[in-house]
S.K.: 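For reference, the structure I am asking about is given below.
As the structure lists them, so they are numbered: ligands from 1, and atoms in each ligand from 1.
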Amino acid sequence: MSAFLDARTLPRETILSPDLAIIGGGPAGISLALAMADSGQNVLLLEAGALAFEAGAQKLYQGSESGVAYTALDGGRLRFLGGSTNHWGGWCRPLDKIDFDSRDGVPHSGWPFARSEIEPYFARAQSLVEAGPWIYDGADHSVSDSGSLLRLGPGGVYTSWFQFSKTQGGILPTHFGERYQNDLKRAPHITPLLNANVTGIKLSGDASHVDHLDIVTLSGNRLTVKPRYTVLAAGAIENARLLLASNDVMAAGVGNGNDVVGRFFADHPIPRNVATLVLFDGRVAPFYSNFLTLPNGAVLRAVLSPREEFLRAHGVAGSLSTVENEIKLDPLAIAAVETTAGALGVDASGAKAFSLGCGMELAPDPERRVTLGQERDALGLPQPNLHMTITDDDFSHFRQTLAELGRQLLAAKSGMIHLSYSQRHDWLAAMDWGNHHLGTTRMSADPRQGVVDAASKVHGVANLYVAGGSVFPTYGSSNPTLNLVALTLRLADRLKKVMA
Ligand SMILES: Cc1cc2nc3c(=O)[nH]c(=O)nc-3n(C[C@H](O)[C@H](O)[C@H](O)COP(=O)(O)OP(=O)(O)OC[C@H]3O[C@@H](n4cnc5c(N)ncnc54)[C@H](O)[C@@H]3O)c2cc1C
């Protein structure tokens, strides 16, 4: 078993010439390296950080922000082996079929291929994130011993299911760096290089391909990597930053001939306590508000999601609602519950109320973007600026879905909903974020609409590919990591063919 190399201790000006350089050792980079292990190609995994958190490395993630308040750029991601899985929540769910479709009334929506293209990779991705057997929306039949699904009348909202990466004593989700570092060491032909900050992707003079990568360490060492192929897997903010900052041959940055790099940044807003759910009989199965562990090891949680037909018919974006804590109603709200239940002819003497949380999809917005800021980091690279936007349509889409849920509860005579916010400033005051960084190098067959093509290759650059959430053009309400790992495994298959 070979030890990891450290870029600080290699002789200055060393030139490394792997077949494949992977920039970034998060779940995308690690999954790609492991998937390439049997390819016979020499793979260099360039990781900016060490094996554990170090404040100096993390500081290189600082940046500025404008627009709607967002998580600090050095707060919503981690710069060491394993990337942001060192503090992720482990929520997993495959993207829905509709997430890949170009939707009427949603400009810039859709992928250049259907969900079926990444389905063959879901099983291996599920295994890498360690989320147990694949169940998801097949869970309805596996949970009957633990309680009943919420009674909803016919309509646009249904109970769907998340699974959880839970391996570390059943408590913490898989931290990719810790979990896979021995596999990386053992794998033939993979060389992980730590403390290796890529600061430049240098193109050939005719901009047709990557000539070399500049590596700088915080201790002042400098190395050069001359790979045959490169995959950028440094997270959505850093992927855009590196492409934009590498502007010596293409003045607008690598792959940015059409000014798309950095645009369409996205995340899941998760405003708190968006509504009060009242159930007339007071009974909600524990799997709505907590983890349910099945005998086969799968850990599940139920959420409320809009059906595909509802999304299409109403032109709304994806979302999910979670049942959170039980709450006490004030006398006015109790009167409203009793009046409603009385009108429906049901007993509400045992009624209970719960707060609802949510995760929303934002409609694609080219102005929500990463650009280069004025400040530079300790390595001389311009810091990123993130301009964050949420439109009023984004809020109203989710309100429509909640209103539909309320209608279905009343139709089933099982409960009712009270929406908490109608004003923009109330939504923003309750806002939290998933820190699911997506969309800055979006995928499109058309180079004017996307940075990478359907194979994840940067348009116009022969040997440069991108992995991770930055290639997602649209993304629904599912958390990204399972999906970006599946997409990365697909990329590994492509690379094995083109590199052979
Ligand atoms: C608090 C929190 C909770 C989350 N919860 C969930 C969840 O429940 N479910 C879910 O699906 N997702 C969740 N996520 C998102 C998830 O962590 C990301 O989707 C995932 O980590 C992205 O993987 P990645 O490999 O593309 O990028 P990253 O994880 O960001 O990894 C990028 C790697 O590249 C390295 N790097 C960066 N710049 C350079 C450079 N210049 N040179 C060399 N290396 C570089 C970094 O050090 C890092 O190791 C959460 C994120 C956060 C912050």
Side-chain angles (χ1 to χ4, degrees), residues 7 21-33 44-54 57-58 60-61 71-95 125 128-129 131 162-166 172-177 192-201 213-217 225 230-243 245-246 266-268 270 301 359 377 379 381 384 432-438 440-441 466-472 475 477-488:
I22 301 171
I23 305 173
I30 289 175
S31 302
L32 181 62
L44 182 65
L45 179 62
L46 297 161
E47 168 50 45
L51 291 178
F53 180 88
E54 286 180 11
Q58 186 65 17
L60 297 171
Y61 263 169
T71 320
L73 299 193
D74 59 337
R77 49 197 183 138
L78 284 172
R79 194 169 171 116
F80 63 100
L81 191 73
S84 292
T85 60
N86 289 298
H87 63 173
W88 73 317
W91 290 65
C92 296
R93 187 169 183 272
L95 290 168
L128 279 163
V129 300
F162 272 80
Q163 285 185 231
F164 291 84
S165 164
K166 286 231 172 277
L172 289 174
T174 299
H175 297 171
F176 267 63
L193 184 62
L194 299 176
N195 298 301
N197 299 282
V198 176
T199 55
I201 299 171
L213 309 172
D214 292 334
I215 312 292
V216 184
T217 70
V225 176
T230 299
V231 175
L232 180 54
I237 296 172
E238 223 54 22
N239 284 352
R241 178 192 186 197
L242 265 175
L243 291 172
S246 301
D267 191 359
H268 290 116
I270 43 175
R301 181 165 168 184
D377 69 15
L379 303 174
L381 205 65
D432 208 344
W433 295 94
N435 298 304
H436 307 152
H437 303 153
L438 303 164
T440 56
T441 65
V466 182
S470 66
V471 306
F472 289 26
Y475 59 100
S477 61
S478 297
N479 290 32
T481 308
L482 169 76
N483 297 290
L484 70 84
V485 169
L487 199 60
T488 301

S.K.: Verify, without hydrogens or angle tests, whether R77 (side chain) and Y61 (backbone) share a donor-acceptor contact under 3.5 angstrom.
M.R.: yes

S.K.: Counting non-hydrogen protein atoms only, what is the nearest one to atom 25 (O) of ligand 1? Give residue, atom name and distance.
M.R.: A28 N, 3.0 Å

S.K.: Would you please test F472 and N483 for side-chain contact (heavy atoms from CB on, under 4.5 Å) and show each step?
M.R.: CA-CA 10 Å; F472 289 26; N483 297 290; 3.9 Å; yes

S.K.: Would you check if the side chain of N479 reaches a backbone N or O of R93 as a donor-acceptor pair within less than 3.5 Å?
M.R.: no

S.K.: Considering only non-hydrogen protein atoms, determine which one is nearest to atom 8 (O) of ligand 1 and report residue, atom name and distance to 0.1 Å.
M.R.: W91 N, 2.9 Å

S.K.: N/O to N/O below 3.5 Å, does that happen between G469 and ligand 1?
M.R.: no

S.K.: Could you list all the salt bridge (Lys or Arg N to Asp or Glu O under 4.0 Å) pairs where at least one residue sits in residues 192-201, not counting sequence neighbours?
M.R.: none

S.K.: Closer than 3.5 angstrom, by distance alone: can the side chain of T488 be matched with the main-chain N or O of L32 as a donor-acceptor pair?
M.R.: no

S.K.: Indicate, as side chain, backbone, both or neither, the part of L484 found under 4.0 angstrom from ligand 1 when only non-hydrogen atoms are considered.
M.R.: side chain

S.K.: Nearest protein heavy-atom contact for atom 18 (C) of ligand 1: which residue, which atom, what distance?
M.R.: T481 OG1, 3.5 Å

S.K.: Any N or O of E47 that comes nearer than 3.5 Å to an N or O of ligand 1?
M.R.: yes

S.K.: Just to confirm my output: which protein heavy-atom neighbour is closest to atom 41 (N) of ligand 1, and how far is it?
M.R.: V198 O, 3.0 Å

S.K.: Does S470 offer a backbone N or O that forms a donor-acceptor pair with the side chain of T440 under 3.5 Å?
M.R.: no

S.K.: Looking at atom 23 (O) of ligand 1, what's its closest protein heavy atom, distance included?
M.R.: P27 CG, 3.1 Å

S.K.: Check ligand 1 against F80 and write out every atom of the ligand that is under 4.0 Å from a heavy-atom position of the residue.
M.R.: 47 (O), 49 (O)

S.K.: N/O to N/O below 3.5 Å, does that happen between L482 and ligand 1?
M.R.: no

S.K.: Check L242 against ligand 1 and report side chain, backbone, both or neither, counting heavy atoms closer than 4.0 Å.
M.R.: side chain

S.K.: Heavy atom under 4.0 Å from ligand 1: found in N479's side chain, backbone, both, or neither?
M.R.: both

S.K.: Among A48, C92, S478, which one has a heavy atom closest to atom 44 (N) of ligand 1?
M.R.: A48

S.K.: Should you measure from each heavy atom of G89, which atoms of ligand 1 turn up under 4.0 Å away?
M.R.: 3 (C), 4 (C), 5 (N), 6 (C), 7 (C), 8 (O)

S.K.: When R79 is tested against each of E238, E47, E54 for salt bridge (Lys or Arg N to Asp or Glu O under 4.0 Å), which residue passes?
M.R.: E238

S.K.: Return a yes/no value for R77: is any of its N or O atoms, backbone included, closer than 3.5 angstrom to an N or O of ligand 1?
M.R.: no

S.K.: Nearest protein heavy atom to atom 46 (C) of ligand 1, by residue and atom, and its distance?
M.R.: Y61 OH, 3.3 Å

S.K.: When you look for heavy atoms under 4.0 Å from ligand 1, do you find them on the side chain of W433, its backbone, both, or neither?
M.R.: neither

S.K.: Do any N or O atoms from the side chain of N197 and from the backbone of T199 form a donor-acceptor pair under 3.5 angstrom?
M.R.: no

S.K.: Between G434 and ligand 1, does any nitrogen or oxygen pair lie at a separation below 3.5 Å?
M.R.: no

S.K.: Among protein heavy atoms, which lies nearest atom 38 (N) of ligand 1, and at what distance?
M.R.: E238 CG, 3.2 Å

S.K.: By number and element, which atoms of ligand 1 are closer than 4.0 Å to a non-hydrogen atom of N435?
M.R.: 15 (C), 51 (C), 52 (C), 53 (C)

S.K.: Quick one: does ligand 1 sit under 4.0 Å from the side chain of A236, the backbone, both or neither, non-hydrogen atoms only?
M.R.: neither

S.K.: Does the N or O separation between G29 and ligand 1 drop below 3.5 Å for any pair?
M.R.: no

S.K.: What protein heavy atom sits nearest atom 33 (C) of ligand 1, and how far off is it?
M.R.: G26 N, 3.5 Å

S.K.: Can you sort out which atoms of ligand 1 are near A196, meaning under 4.0 Å from one of its heavy atoms?
M.R.: 42 (N), 43 (C)

S.K.: Which is it for F53 and N86 under the side-chain contact (heavy atoms from CB on, under 4.5 Å) test, yes or no, and what are the steps along the way?
M.R.: CA-CA 9 Å; F53 180 88; N86 289 298; over 6 Å; no

S.K.: Show the atoms of ligand 1 that are less than 4.0 angstrom away from any heavy atom in G24.
M.R.: 33 (C), 34 (O), 35 (C), 44 (N)

S.K.: Compare R241, H87, H268 and give the one whose heavy atom is closest to atom 1 (C) of ligand 1.
M.R.: H87

S.K.: State, without any angle test, whether N239 and T441 hold a side-chain donor-acceptor pair at a distance under 3.5 Å.
M.R.: no

S.K.: T85 vs T174, test: side-chain contact (heavy atoms from CB on, under 4.5 Å). Steps then yes/no.
M.R.: CA-CA 7 Å; T85 60; T174 299; over 6 Å; no

S.K.: Numbering the atoms of ligand 1 from 1, which are under 4.0 Å from a heavy atom of G235?
M.R.: 27 (O), 30 (O), 32 (C)

S.K.: Only heavy atoms count here, so choose which of S84, G49, S470, G76 is nearest to atom 28 (P) of ligand 1.
M.R.: S84

S.K.: At less than 4.0 angstrom from any non-hydrogen atom of G90, what atoms of ligand 1 do you find?
M.R.: 7 (C), 8 (O)

S.K.: With a cut-off of 4.0 Å, which atoms of ligand 1 are near a heavy atom of I23?
M.R.: 42 (N), 43 (C)

S.K.: With no hydrogens and no angle check, is any side-chain donor or acceptor of Y475 less than 3.5 Å from a backbone partner on L95?
M.R.: no

S.K.: Below a 4.0 angstrom heavy-atom separation, can you tell me which part of A57, side chain or backbone, both or neither, approaches ligand 1?
M.R.: neither

